Amino acid sequence: MHLSFVCLTKPVLHGYFRSSCSWRLRIAFALKGIEYDQVPVNLIKDGGQQLTEQYKALNPMQQVPAVEIDGIILSQSLAVIQYIDETRQGPRLLPADPKKRAQVRMLSDVIASGIQPLQNLYVIQKIGAEKAQWAQHFINRGFQALEPMLKQTAGKYCVGDEISMADICLVPQVYNAERFKVDVGLYPTIQRLNQTLLEIEAFKLSHPSCQPDTPDDLRV
Amino acid sequence: MATQTKPVLHGYFRSSCSWRLRIAFALKGIEYDQVPVNLIKDGGQQLTEQYKALNPMQQVPAVEIDGIILSQSLAVIQYIDETRQGPRLLPADPKKRAQVRMLSDVIASGIQPLQNLYVIQKIGAEKAQWAQHFINRGFQALEPMLKQTAGKYCVGDEISMADICLVPQVYNAERFKVDVGLYPTIQRLNQTLLEIEAFKLSHPSCQPDTPDDLRV
């Protein structure tokens with residue numbers, strides 16, 4: 001793969017230990033062997049540190065993650081993942097084959113557009129009392145689609161036998177599903193892939209249970 | 001080089017995600033067939049078993065292309081950019097390319113999914129306020145981001161996937177009576193883009209499945 005020449009800096013990740021979108025980036029950095037600094041943004045404390053004017057300057061959507069890298073500021077985790085794939089060495093995060101690459105993006109977007117935004121903190125705060133049912137509904141709906149799609153595309157991993165952006169999106173979404181008490185056992189391919197991926201160092205090192213800002217009572 | 005086929009787009013005239021693909025095909029000069037999926041009629045044709053086989057998410061669009069079936073419009077747009085000739089839909093420069101994807105995702109993950117048909121049906125009586133809220137919230141973020149990245153178009157002076165996402169989202173905003181004048185950069189870009197043939201030809205007002213009373 002032809003790597004483009006940019007002036008590379010050590011990335012700074014503004015994120016939250018339990019944000020699934022932040023976790024995607026921690027996995028991607030780990031898979032590529034990229035060292036990075038973390039600046040925690042606590043989504044609950046002080047009414048939510050993502051809502052400060054300071055953070056808004058980094059990401060006007062007032063969400064995590066945001067990344068300072070190579071002289072620019074990027075938000076939207078899939079944009080960041082593909083940027084580091086195109087500018088850093090290390091294992092590919094998207095396949096070389098265009099059809100497989102399209103499948104990786106399709107599966108990633110089912111999660112990143114079709115599920116996660118419907119159950120993120122901001123939306124469930126807005127839903128209020130019925131938030132558990134709302135989140136479960138949208139996660140189940142998304143997993144009901146993802147399961148047959150993955151049955152078609154998956155080998156050892158989500159698309160064939162190479163780890164990709166789709167796997168990076170899947171594991172944090174399953175973690176969210178479990179937090180909302182969705183029965184992931186209803187989705188055997190998703191469950192199998194998640195279990196396989198959780199054995200991999202990059203997924204373990206980046207896990208919410210062992211980050212700098214993980215609270216003591218959730219630390220493993 | 002894979003075998004290329006004439007794409008078949010399963011979509012709806014007024015679906016903003018379907019419109020993104022119609023724009024992309026037009027920009028690349030790709031001929032395609034359309035199979036309309038009426039989201040309202042018969043309780044919603046996207047909910048049939050037949051359509052579910054094409055897209056298990058039961059949403060439009062879905063595309064049959066080169067022997068595979070793809071859904072998720074941004075995946076399709078990047079696939080055709082990588083396999084077809086014609087003007088680039090994403091810039092060559094990696095940083096600009098990242099900005100295009102970032103802006104596209106603000107729309108495709110941060111705004112549109114919160115105001116699509118399925119969600120607003122679920123919200124029920126307060127759907128107008130809900131949709132306006134999320135579109136305004138997204139546009140309040142997009143406006144300063146575009147102020148930084150935009151030249152003639154969303155990112156610099158070349159049309160990209162970000163522009164392809166923007167115009168249909170502004171159309172949705174207007175349907176929900178959001179005041180787009182509050183966002184001068186968004187408004188300016190939208191007006192410029194609507195003058196372009198690919199955006200006009202693909203407009204919801206002139207598709208095969210556009211109802212007569214909405215046809216221009």
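Both backbone and side-chain heavy atoms feed into the values below; hydrogens, waters and symmetry mates do not. Bear in mind that the values here come from a model prediction, so they are computed numbers and not experimental data. Here is the naming used below: chain letters follow the sequence lines, and residue numbers restart at 1 for every chain.
Side chains of A/Tyr83 and A/Asp70: a donor on one and an acceptor on the other come within 3.5 Å. There is no side-chain donor-acceptor pair under 3.5 Å between B/Gln99 and B/Thr149. Counting only N and O atoms by type, the side chains of B/His10 and B/Glu64 include a donor and acceptor under 3.5 Å apart. In this structure, a donor-acceptor pair under 3.5 Å is present between the side chains of B/Asn172 and B/Gln115. Side-chain polar atoms of A/Gln82 and A/Arg105 form a donor-acceptor pair below 3.5 angstrom.
Interface summary for chain A: among B/Val106, B/Ile65, B/Ile69, the most heavy-atom pairs under 4.5 angstrom belong to B/Val106. Most heavy-atom pairs under 4.5 Å with chain A, from the set B/Gln58, B/Glu82, B/Gln148: that is B/Glu82. With respect to chain A, the highest number of heavy-atom pairs below 4.5 Å among B/Gly138, B/Ala75, B/Gly110 belongs to B/Ala75. Options B/Gln140, B/Met145, B/Lys52, B/His133 differ in how many heavy-atom pairs under 4.5 Å they form with chain A, and the most are formed by B/His133. The candidate with the highest count of non-hydrogen atom pairs below 4.5 Å against chain A, out of B/Val119, B/Val100, B/Leu74, is B/Val119.
The contact between B/Pro113 and chain A is made by backbone and side chain atoms together, counting heavy-atom distances below 4.5 Å. Only the side chain of A/Pro148 comes within less than 4.5 Å of a heavy atom in chain B; its backbone stays farther off. With a 4.5 Å cut-off on non-hydrogen atoms, A/Asn120 does not touch chain B at all. For a residue to count as touching a neighbouring chain, one of its non-hydrogen atoms must lie under 4.5 Å from one of that chain's; by this rule B/Gln59 touches chain A with the side chain only. In this structure, the portions of A/Leu74 lying under 4.5 Å from any heavy atom of chain B include both its backbone and its side chain.
Separation of atoms CD1 (B/Ile164) and OG (B/Ser104) is listed at 8.0 Å; rounding is to 0.5 Å.
Taking all atoms of both residues into account, the shortest heavy-atom contact from A/Lys32 to A/Arg88 is NZ-O, 3.5 Å.
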